[in-house]
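Just so it is clear: chains get the letters A, B, ... in the order the sequence lines come, proteins before strands, and each one is counted from 1.
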Amino acid sequence: MSSGGRGGKRRGPPAPSPSGAAAKRAQPSPGTPQPPPPAAAEEDMMDEDVFLDDAMLAEDEAVLLMVQRDETLASRLSRWKRPALPADLVAGCSRAVGHSICCQVHGFEPYFYISCPSGMGPDDIFTLSPNSGGILEKGITIEGLGSKSFLTYESNILFALRFMIDCNIVGGNWIEVPAGKYRKAARIMSYCQLELDCVYSDLMSHAAEGEYSKMAPFRILSFDIECAGRKGHFPEPTHDPVIQIANLVTLQGEGQPFVRNVMTLKSCSPIVGVDDFIREVDPDIIIGYNICKFDLPYLIERAEVLKIAEFPILGRIRNSRVRAMQRDYKLSSYSLNSVSAHFLGEQKEDVHHSIISDLQNGNSETRRRLAVYCLKDAYLPQRLLDKLMYIYNYVEMARVTGVPISFLLSRGQSIKVLSQLLRKAKQKNLVIPNIKGQGSGQDTFEGATVLEARAGFYEKPIATLDFASLYPSIMMAYNLCYCTLVPPEDARKLNLPPESLNRTPSGEIFVKPELQKGILPEILEELLAARKRAKADLKEAKDPFERAVLDGRQLALKISANSVYGFTGAAVGQLPCLEISSSVTSYGRQMIEHTKKLVEDKFTTLGGYEHNAEVVYGDTDSVMVQFGVSTVEEAMKLGREAADYISGTFTKPIKLEFEKVYFPYLLISKKRYAGLYWTNPEKFDKMDTKGIETVRRDNCLLVKNLVTECLHKILIDRDVPGAVQYVKNTISDLLMNRVDLSLLVITKGLTKTGEDYAVKSAHVELAERMRKRDAATAPTVGDRVPYVIIKAAKGAKAYEKSEDPIYVLDNNIPIDPQYYLENQISKPLLRIFEPILKNASKELLHGSHTRAVSISTPSNSGIMKFAKKQLTCLGCKALISGANQTLCSHCKGREAELYCKSVSNVLELEMLFGRLWTQCQECQGSLHQDVLCTSRDCPIFYRRRKAQKDMAEARLQLDRWDF
DNA sequence: TAATGGTAGGGGAGGAAAATTCAACCCTAG
DNA sequence: TACTGCTAGGGTTGAATATTCCTCCCCTAC
């Protein structure tokens, strides 16, 4: 899910400041419920229920398990077991589902091909060791022939894949071992319920159709561990015990988990029983948040330290990654918290690891608290898995591409294409040479054309024409493939008839399908045909369950089709062929130019139309056309006409489609535009923005919100003055320091380690500084680094002014509003307003609203260290001295009024803090517990922290009134 | 090490190089 | 008349500052 970021979960700010720590224990505002008194003695924990929202836990089922009590353990383990095997299954006459079976297949051996050297025949047989592919390529000496090197074929295929291909097995499909063709084996290889031996040629693989399209009822275990770190240290398996493990077991397709438990540890003895638990539950899939990078290695290492020899085996783990989140979605933070907020609208607490030890060492109440927290960490990944239908989509993808499900998480895109290629080649009696593209990776090829953008604000409808699956359809139309490519020397030698050859715009020659049909086009045809079927079925399907499966399938097919082109162009890949990829793009370039020309030539007043059409922009496979008409309906009509007309000029199956109308349309530059998106003339579907700040993850929320709001006002409300006013208010708020810190947090990805950067930059330098402060909480490669820009000496570089938001909050460091105005919001705003407003710069950025209020500079640096703070009058801020500690002589008369002000100020801030506190309690799922969360991703957290500080200051001021 | 889909393009920031401004100094005329 | 003190103004020089251009980096579109 996240390559390294634990979010704030096991990380956080440096040791909490005194005020922060105090408030965690303090009950804040009047009206906040007090925690109940510790309900039970520690010995009774066993039967205590855990408070959690109802959707998550049925109260009677929630169990805190004391692992030390072996007798209860045994009884519970039995409840988690899989159903017993039916007796007749072993005899081969039952098809019960829901059991785990390990089948050892015998007789399948690795092999590869070489071309037979001249002078050798079927009689010349010699044996080679299994890894001889490499030796043959380097060259060997053969008696009578001298030293020779060979090009090998299919010598580097993963053995598992080789086996699956040859047995027609795809990932996630059903395999039958016919009765009588297997032998029951002793259960020594695995912890499965049944072990079999059989011969590979007896396996029967069933295509995923009809009855066999159903999925197996996977048992999914979601878990999370908590460790007791020592003060100020990130937990290390060599020292720190695992204190809690939360487990949730679900059957795929069922809404509720059937096992929920938390294993806790009272003292510091080692946790035993985890491996037993996993063995009994016997899950097919293990998931969790970042478990591959943290929880699993931690458990395994901890077991090693404690010398639990058997542990690392963990039964049969087939698959244990949830890295998919980062792979499939682009978010500005990948902490479990923000991912959940994004997809589920549900948040979790973010508890710093140092607090976890405190909770553990407290009483039964605090440990129960920790259990709740831990369980939620196991629960959210399960919810995410369901919500995003990962299991469906992965099974579908595995079936389509033929790779095992685990490859989809642990491997890249190319293995999927290779798998399909190998299968298809086998059908056609072709073998694939082992020519791994390696080394430089320098040789690249020309990509797509992006038409010049005629920037501006268009108040007439713009029709968008798109090629459907451009690159796949080019490969099909022109029969582009490895096996249809004619190298220049062969073109001369073979004397092929010119009418059966195609010369691509990039100069390569391919034979036409009549002579030899390409493999790649065939793969693509099947993929796209299957997608068409899936989409048609989707239209028919009513059952949401079935719809989910079909939608997953059509998506998988589309993605697979699109990655075929990428595979041929991957210079460092399994089978690169730049002749194919550069031919594909060259056709694409030709086609978009051709389309632009046709539209502008045909749709003219001379041609009998009311206006001259103009192509205002286009990228790769799309053109945006202004037909000159003023209604969406007319634009749609002309768009359809143009698409049909132009489609007719291309080789099948290349097809230009009318897709949508933008109206109005704000075109800023290449790859950057915004507009209202219409697919029917009555009502627009949505506001669509491409490439601009609203869709970028490296802008602060202030910019994102501001730009979004302006576009909303301009495009939807058509209220430019309103947008201008909004900008002015925002700038004024910013300069007056009325903007919430959470809106100013910028995040950027840390893509490599510190030394590898050639130039300094804000997020890299900050990460380095944070590492020096506290290595445990600092971001590492792959993480996203949040930062704000603080005030510093004039001329200081941005990388000297970046700071951790939490550090800024805790130490009262002033931010630099001028930087945000000049470097963050001004340019994006001007880009939007300049096409619409004359004097945009003057109007927006230089009015009276830009008068700044000076903020006191940090008092803890330089010369100010030696300054002594003097008291100021609470009325007029004048310096006061002597006996009077509150007011100057001037303000003395207003004593009553000013005191009231102080009191109401404190009350107000207390109310605010109380509200935020309650909000956080709701988020954590309990109104009776202290809030522990310190999430860097949560705006409420920043506001709560700030309110808390303001409140403390106001109270201090109130205390100065001395009657 | 193993394993790895692609190119095009905008835009921000840093940094080097080239350009400009500025202050200090020297010199000379008056 | 010779010499000094002073100023204005031109020229030179080296440093400071602003500008330009290029590259790195991130992220997005397709």
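Checking B:dG14, C:dC27, B:dT4 against the side-chain heavy atoms of A:Lys760 singles out B:dG14 as nearest. The nucleotide whose nearest atom lies closest to any side-chain atom of A:Ala758 is, among C:dC24, C:dC30, C:dT28, C:dC24. Considering only side-chain atoms of A:Tyr799, the nucleotide from B:dG5, B:dG14, B:dG9 that sits closest is B:dG14. Set against B:dG11, C:dC24, C:dA29, the side chain of A:Ser669 has B:dG11 as its closest nucleotide. Which of C:dC25, B:dA8, B:dT4 sits closest to the side chain of A:Val450 comes down to B:dA8. The side chain of A:Ser414 lies closest to B:dG5, out of C:dC26, B:dG10, B:dG5. Looking at the side chain of A:Gln413, the nearest of the listed nucleotides B:dG5, B:dG14, B:dA3 is B:dG5. Checking B:dT7, B:dA13, B:dT4 against every side-chain atom of A:Val572, the shortest atom distance belongs to B:dT4. Across B:dG5, C:dC27, B:dA13, the shortest atom-to-atom separation from the side chain of A:Arg696 is found for C:dC27. Candidate nucleotides B:dG6, C:dC30, B:dG11 were compared by shortest atom distance to the side chain of A:Tyr673, and C:dC30 ranks first.
The shortest distance between the side-chain N/O atoms of A:Thr620 and the OP1/OP2 oxygens of C:dA29 is not below 4.0 Å. Contact annotation: A:Thr751 reaches the phosphate of C:dC26 (side-chain N/O to OP1 or OP2, under 4.0 Å). OP1 or OP2 of C:dC27 lies within a sub-4.0 Å distance of a side-chain N or O belonging to A:Arg784. In terms of phosphate contacts, A:His763 brings a side-chain nitrogen or oxygen within less than 4.0 Å of OP1 or OP2 of C:dC26.
Residue contacts for A:Tyr471: at a heavy-atom cut-off of 4.0 Å it reaches no nucleic acid atom on any strand shown. Within 4.0 Å (heavy atoms only), A:Lys690 reaches sugar-phosphate atoms of the nucleic acid but no base atom. Note on A:Arg831: only backbone sugar-phosphate atoms sit closer than 4.0 angstrom, heavy atoms only; bases stay farther off. No contact: A:Lys416 has no heavy atom under 4.0 Å from any strand.
In this structure, B:dT1 is classed as syn because its glycosidic torsion stays within 90° of zero.
Between A:Asn699 atom CG and C:dC26 atom P there is a gap of 15 Å when expressed in whole angstrom units. Going from atom CG of A:Asp698 over to atom P of C:dC26 covers 10 Å, rounded to whole Å.
Using C1' as the reference atom, B:dC27 and C:dG5 are 16 Å apart when rounded to the nearest Å. Separation of the P atoms belonging to B:dT4 and C:dA29 is 26 Å when rounded to the nearest angstrom. On the C1' atoms, B:dG15 is 15 Å away from C:dT17, given to the nearest whole Å.
Here the shortest heavy-atom pairing between A:Leu741 and A:Pro805 reads CD2-O, 3.6 Å.
The pair A:Asp619-A:Lys671 meets the salt-bridge criterion, since a charged nitrogen lies less than 4.0 angstrom from a carboxylate oxygen. Salt bridge present: A:Arg162 and A:Glu154 bring a charged side-chain N and a carboxylate O closer than 4.0 Å. Ion pair A:Arg672/A:Glu693 flagged as a salt bridge, since at least one NZ, NE, NH1 or NH2 atom sits closer than 4.0 Å to an Asp/Glu carboxylate oxygen.
Where A:Lys748 and A:Ala448 each meet DNA chain B at their nearest nucleotide, the meeting point lying more 5' is that of A:Ala448.
A side-chain donor-acceptor contact under 3.5 Å links A:Asn434 and A:Ser155.
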